[in-house]
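Structure first, commentary second.
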Amino acid sequence: MSVTGPQGFRAAGVTAGIKANGRPDLALVVNDGPEFTAAGVFTRNKVKAAPVLWSQQVVSTGTLRAVVLNSGGANACTGPEGFQTAHATAEKAAELLGCGAIDIAICSTGLIGAQLPRETVLAGVDKAAGALESTAEAGLAAATAIMTTDTVPKEARHVDEAGWSVGGLTKGAGMIAPSMATMLSVVTTDAVVDAATLEESLRAAVRVSFDRLDVDGSMSTNDTVLALASGASGVAPAPAALTAAFTAVCKDLAKQMQADAEGVTKRILVRVSGAASEDDAVTVARTVARDSLVKTALFGSDPNWGRVAAAAGYADADLDPEKLDVTINGALLCAGGVAAGDRTAADLSGEDILVEVSLGLGDGVAEILTTDLSHAYVEENSAYSS
């Protein structure tokens, strides 16, 4: 159970006909209250999709009643017509739910540059509204309807012993890099929380979860994470507890995205320690994670620590080559900037790889989730729009 786990939420996922393959392609998540608190985090790409521009406006009020999400088209780089489609979608959902369009967020994912079939989308909203339920099956249907190149739906939930919970769904498999990923995510909670605290918890969670997932260095036009709070549990948790719960759910979803990334054969965790600051640790870890030669070496199960050292060296962060250590899957291969031990000691035959880089300069620590660069990734993305 995901977004329908917390009290006060219903969801639906339907086949509207946006996708030519006849698969589910439109989801609706509704907050039935009694509170309608909301917050959002969006892509930092300067080229923003119409639904991002719309949702940034509506979530600025600190309240939302519902979210409409579609796959099969990003509605990005579609000009005024695309924005009008996003607006019309919100108006349709508002009409069905008895609220204003300002209370409806819109999310889209798919191919950039194509107009969404507006009437098809609006009919899909009508269909989804008629299918709304609070069951686990309804939450799964919503998670399934937003998949694009994903192979499995992605859901997570955290239940607090005090009687409140957090649930989430997400999609994302490619064009994954901060801000966030080519991802849409809705996280719900039945906790009683004000808008400012909800936003703080969401941003803190995203910073160490979705923002630490970097598959291919490409930042999407559509990235959106929305948090909705119904207050239906009647419990007001401490802000730290809420943040911890949001972080647990978002980290779970991020790891599911990593495991389902396009063409993935290796799940890679790059851990940097001993940096002069956390920002430096993030920079080095992200640089190593994005480096094509590192990614191809790990695809080939080659513990080529020299590529890791080289990537760390060109990162925009403080680094002393004579203090640089590189360990791969527990085998120390570089110590003090020179070869150490036998590289064959690093067993990369499995699907999980841990790359550890120690800089010896301070207390900064950070981790980045990434994947290898495989033949399948190239093939899938060379034919994405065909």
Are [X] and [Y] packed together at the side-chain level, in the sense that at least one heavy-atom pair is separated by less than 4.5 angstrom?
| X | Y | answer |
| --- | --- | --- |
| R207 | R203 | no |
| T224 | P51 | no |
| T37 | D194 | no |
| E95 | V125 | no |
| L348 | D302 | no |
| P153 | L169 | no |
| S134 | R10 | yes |
| N45 | S220 | no |

With no hydrogens and no angle check, is any side-chain donor or acceptor of [X] less than 3.5 Å from a backbone partner on [Y]?
| X | Y | result |
| --- | --- | --- |
| T188 | V3 | yes |
| Q258 | I268 | yes |
| S55 | I106 | yes |
| R157 | G5 | yes |
| N31 | A229 | yes |
| T78 | Q115 | no |
| D190 | Q7 | yes |
| K295 | T371 | yes |
| E351 | R267 | no |
| D150 | T148 | yes |

- Message: Run E367 and K251 through salt bridge (Lys or Arg N to Asp or Glu O under 4.0 Å) and show every step you take.
- Response: CA-CA 12 Å; E367 295 180 346; K251 280 188 171 182; over 6 Å; no
Could you pull out the closest heavy-atom pair between [X] and [Y], with the gap in Å?
| X | Y | value |
| --- | --- | --- |
| L332 | D325 | CD1-CB, 4.3 Å |
| G17 | D25 | N-OD2, 3.2 Å |
| V193 | L198 | CG2-N, 3.6 Å |
| I18 | L26 | CD1-CD1, 4.4 Å |
| A142 | A11 | CB-CB, 4.1 Å |
| L64 | I102 | CD2-O, 4.4 Å |

Hey, are [Y] and [X] close enough side-chain-wise for a donor-acceptor pair under 3.5 Å?
| X | Y | value |
| --- | --- | --- |
| T109 | K171 | yes |
| S277 | D279 | no |
| N70 | S108 | yes |
| D260 | T151 | yes |
| K266 | S301 | yes |

Gap between atom [atom2] of [Y] and atom [atom1] of [X] - 0.5 Å precision:
| X | Y | atom1 | atom2 | result |
| --- | --- | --- | --- | --- |
| T144 | K154 | OG1 | NZ | 10.0 Å |
| E35 | T189 | CD | OG1 | 10.5 Å |
| M257 | L213 | CE | CG | 5.0 Å |
| E155 | L140 | CD | CG | 5.0 Å |
| L96 | L28 | CG | CG | 8.5 Å |
| R118 | T85 | CZ | OG1 | 3.5 Å |

- Item | salt bridge (Lys or Arg N to Asp or Glu O under 4.0 Å) evaluation trace for D32 with R65 | CA-CA 7 Å; D32 288 322; R65 178 71 197 281; 3.2 Å; yes
- List the steps and the verdict of salt bridge (Lys or Arg N to Asp or Glu O under 4.0 Å) for D291 and R307. CA-CA 8 Å; D291 188 271; R307 293 183 176 180; over 6 Å; no
[X] atom [atom1]: more than 12 heavy-atom contacts under 6.0 Å:
| X | atom1 | result |
| --- | --- | --- |
| Q57 | CD | yes |
| D363 | CG | no |
| N21 | CG | yes |

Kindly work out whether a path of hydrophobic side-chain contacts (I/L/V/M/F/W/Y, heavy atoms less than 4.5 Å apart) joins [X] to [Y].
| X | Y | result |
| --- | --- | --- |
| L97 | L228 | yes |
| V30 | F36 | no |
| V29 | V59 | yes |
| L369 | M183 | yes |
| I368 | V308 | no |

- Message: Walk me through whether L122 and E119 qualify under side-chain contact (heavy atoms from CB on, under 4.5 Å).
- Response: CA-CA 5 Å; L122 298 185; E119 295 307 316; 4.2 Å; yes
- Walk me through it: do S209 and L253 pass the test side-chain contact (heavy atoms from CB on, under 4.5 Å)? CA-CA 8 Å; S209 58; L253 293 172; over 6 Å; no
- Message: Using side-chain contact (heavy atoms from CB on, under 4.5 Å), reason through D103 and V58 one step at a time and then give a plain yes or no.
- Response: CA-CA 7 Å; D103 298 314; V58 299; over 6 Å; no
- Message: Please determine whether side-chain contact (heavy atoms from CB on, under 4.5 Å) holds for the pair L132 and F9, giving the CA-CA distance in whole Å, both sets of side-chain angles, and the decisive distance to 0.1 Å.
- Response: CA-CA 9 Å; L132 285 167; F9 292 95; over 6 Å; no
